[in-house]
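Comments concern the structure below.
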Amino acid sequence: MEITRTTLGIAVGIAGTLFLGYCVYFDQQRRKDPLFKKKLRERRQKAHQNASRSRTLGGPLPDMSDHEAMQRFFLQQIQLGEELLAAGDLEAGVEHLGQAVTVCGQTQQLLSVLQQTMPAPIFHLLLKKLPEVSERLRASMKANGNSLQEEDVE
């Protein structure tokens, strides 16, 4: 018996309809679950917290003339960046590492270490984001009355 195009088209249509029905049924079951709404709310809250945390600069900016405050800020940014990268939040992690590179006195050495220790795609994302982070940090410091020397940023 030969299968005609019409028969094949009908069979594909029926299979597609059954698949869509299957998807709709299980989506309804998932949405009726009382824990679904709770989990969805928690997931949205966590995403909102991560987004707001990535927008902040990791606390107040230190005084540029205070070497110890700058060092604490630098170490804090490195630590936050590593933690966020380990947690899978690449954007926020790269943001904090970019801030650390921006305030670092030995930018080339730090970039060299980061290049050796980070996966290439993440390092390239850091390099791409570095001018933006640097400009944002510079603008924030000007607004706070601090100034960043041009030779400090590369």
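The analysis underlying the following values was restricted to heavy atoms, covering all of them including side chains, and did not include hydrogens, waters or symmetry mates. Numbers here simply count residues along the sequence, with the first being 1. In this text, all values refer to a predicted model and were calculated from it rather than measured experimentally.
- The minimum heavy-atom distance linking Leu111 with Phe123 is given by the pair O-CE1, 3.5 Å.
- For the atom pair CG (Leu80) and CG (Asp89), the distance works out to 11.0 Å, reported to the nearest 0.5 Å.
- The backbone N or O of Ile3 lies less than 3.5 Å from no partner atom in the side chain of Thr7, so there is not a single donor-acceptor pair.
- Separating the CD1 atom in Ile122 from the CD atom in Gln115 is a distance of 13.5 Å, to the nearest 0.5 Å.
- No salt bridge links Glu42 with Lys46; every basic N to acidic carboxylate O contact stays at or beyond 4.0 Å.
- Val133 and Met118 are members of different hydrophobic clusters when ILVMFWY side chains are connected at heavy-atom separations under 4.5 Å.
- For Phe19, the ring-ring contact (aromatic ring centres under 6.0 Å, His included) test picks out no residue, with sequence neighbours left out.
- Residues Leu110 and Leu75 are members of one and the same hydrophobic cluster, defined by side-chain heavy-atom contacts under 4.5 angstrom among Ile, Leu, Val, Met, Phe, Trp and Tyr.
- Rounding to the nearest 0.5 Å places NZ of Lys32 at 11.0 Å from CG of Asp27.
- One N or O on the side chain of Thr117 and one on the backbone of Val113 form a donor-acceptor pair closer than 3.5 Å.
- Here the closest heavy-atom approach between residue Phe74 and residue Cys104 is recorded as CE1-CB, 3.8 Å.
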- Item | Derivation and outcome, side chain to side chain contact (heavy atoms under 4.5 Å, CB included), residues Glu95 and Gln99 | CA-CA 6 Å; Glu95 177 83 20; Gln99 291 172 19; 3.5 Å; yes
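- Ion pair Arg30/Asp33 not flagged as a salt bridge, since none of the NZ, NE, NH1 or NH2 atoms sits closer than 4.0 Å to an Asp/Glu carboxylate oxygen.
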- Should Leu90 and Leu84 be marked as a side chain to side chain contact (heavy atoms under 4.5 Å, CB included) after you check the CA-CA gap, both sets of side-chain angles, and the distance that decides it? CA-CA 7 Å; Leu90 298 181; Leu84 290 168; over 6 Å; no
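- Distance check: Gln79 CD to Gln77 CD gives 10.0 Å after rounding to the nearest 0.5 Å.
- Minimum interatomic distance between Leu130 and Gly98 (heavy atoms only, all atoms of both residues): CD1-O, 3.6 Å.
- A side-chain hydrogen bond (donor to acceptor under 3.5 Å, both in side chains) check over residues 120-131, counting only residues at least two apart or in different chains, returns the pairs Glu91-Lys129.
- Shown here for Leu85 and Leu97, the closest heavy-atom pair between the two residues is CD1-CD1, 3.5 Å.
- Between Arg72 and Glu68 there is a side-chain heavy-atom pair separated by less than 4.5 Å.
- The hydrophobic cluster containing Leu18 does not contain Phe26, counting ILVMFWY residues as joined when their side-chain heavy atoms lie under 4.5 angstrom apart, directly or transitively.
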